[in-house]
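Notes to accompany the following structure.
Lettering follows sequence order; numbering is per chain, from 1. Hydrogens, waters and symmetry mates are skipped; everything else that's a heavy atom, side chains included, is used.
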Number of protein chains: 2
Amino acid sequence: MTQETRLDAVKLDGSGPIYDQIRRAVRDLILNGTWPPGTSVPPEHALMEQLGASRMTVHRALVQLAREGLITRRRRSGTIVASPPASHAMLDILSIPAEVEKLGRRYDYTVLSRANGRPTAELSLRFGLKRGEKIIHLVALHRADGKPHVLEERVIHLATVPAAAQETFETTPPGDWLLGHSLWSQAEHAISAIPAEPDDAQLLDIKPGEACLLIERKTWNQDAPVTAVRLLYPGNRHRFIGRFGPYGEV
Amino acid sequence: MTQETRLDAVKLDGSGPIYDQIRRAVRDLILNGTWPPGTSVPPEHALMEQLGASRMTVHRALVQLAREGLITRRRRSGTIVASPPASHAMLDILSIPAEVEKLGRRYDYTVLSRANGRPTAELSLRFGLKRGEKIIHLVALHRADGKPHVLEERVIHLATVPAAAQETFETTPPGDWLLGHSLWSQAEHAISAIPAEPDDAQLLDIKPGEACLLIERKTWNQDAPVTAVRLLYPGNRHRFIGRFGPYGEV
DNA sequence: AGCCCCTAATTGCATAGGCAATTAGACAGG
DNA sequence: CCTGTCTAATTGCCTATGCAATTAGGGGCT
């Protein structure tokens, strides 16, 4: 069911146009988790009275948020906080099980190692970590129809996601677990091609030196690092596709 | 200077909300080239009178187009058609000279081959072409500080870009030439990693089989294919980076 | 229970009008 | 010529109001 919202949670900051103050106020409540997906947003009338703005001004803010995909609006039913779009191309690489199943293959995976503590020198170099940080370091192999699909090496920042300390990730892969147990507001992807190291090649069942696609992703929540992951895809078996027009995504 | 616009070029199609009819009408004039970048869009008052809509309705359409980046608006100066954003990450790979110079290197390039006619069987397979189509087929090597940077293999559809028939591409690389001599409304990118073929390896000055990043891009203008290109970047010397949030690009 | 209809809540869209902010261009004065 | 000032064009934003479209939920009937 849609949950209640506390109306007085919406607070304007007095800078810039009113419609934009409203937009940012609501957006922040969504992004910082105060209003999780499914929460119902107060109707325009309520916001209008509480904020002392006209309905058109409130409307303008909400319409814009709807166009940005953060909320869903329906006549009579009202406005609810949207779930991050599951069909978006990005989620395909956030959730490896989803990616594999979309290809019509059977998914499974194995955690190859799990270490809890502070990063080694090599790790902090590879992921750009500070030495003192408490982290979890994981290596996992994901398979499609029993064959190696992608090798995952991941770091989780315990300061940001303390709940991860109790998790073994034996049943849910870390990417999917994090989707349900953490928030993120920013991600950075880097794509490159590298030859497979001998160890990695053996795990992926390819020849050493064979071309692999490396996806490195770091995510943050409000400037606090959440996780960093290196996904190594074996060679030419994988492609990533995007469509857009000259002025932006279509 | 900003050019004139013919007011009567804006025609509504009567389907859907008025603000959206206006938005689409103006957008189409921009995308189909009737109003090229730099053209000044009629002021709200003029559109309002010509279309019989209120100013707020016209305003809403234009504000939306501005947010989509198709137009630029300034008080008193008016509204002009924007140039596709030169700083956008995408342009970095549309224009290889720009990409190289952004890295602070000296750019030059050589056309290795140029053929005019119908695709061979191999070509039509590689680029997904129909056999009868008239095309130009090009191979060019781009260099940064004199060293191989990327190998480009390109097909240009003469039916869509007839002017390309007279062009040798000796002074302007085909990607940049096309930016100035054609329109596109859609692009599709695919990224994958492949080992270098012996021929390609020699041109790129790397070892055969070394990991390369392959970017394949096809562009269309209103469903008509414009060009298709394969860009082969040598190994781990290159990465492509993108940033976004859970609800879309940030 | 099940079905139908009605009402009212809620968003969607448009209008009319007004004031604010910016600034191009005209104009005056040196 | 240059420089400052004024004016008016243009967009930005807000309010107030009304009607339309959708539909959840209630009430009544079978």
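- A ring-centre distance under 6.0 Å is found for A:Tyr233 and A:His149.
- Residues B:Arg67 and A:Gln64 have side chains in contact (heavy-atom distance under 4.5 Å, counting atoms from C-beta outward).
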Practice item. List the steps and the verdict of side chain to side chain donor-acceptor pair (under 3.5 Å) for A:His157 and A:Glu133. Key: CA-CA 8 Å; A:His157 293 258; A:Glu133 258 175 320; 3.0 Å; yes

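- With hydrogens and angles left out, the side-chain atoms of A:Glu152 and A:His142 include a donor and acceptor closer than 3.5 Å.
- Heavy-atom neighbours of A:Asp223 CG from other residues, nucleotides or ligands within 6.0 Å: at or below the threshold of 12.
- Taking atom CD1 of residue A:Ile80 and atom P of nucleotide C:dT11, one finds them 12 Å apart after rounding to whole Å.
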Study note, to complete from the structure: Counting primed atoms, P, OP1 and OP2 as sugar-phosphate and everything else as base, the B/S/- map of nucleotides 9-15 of chain D against protein heavy atoms under 4.0 Å is BBBBBBB

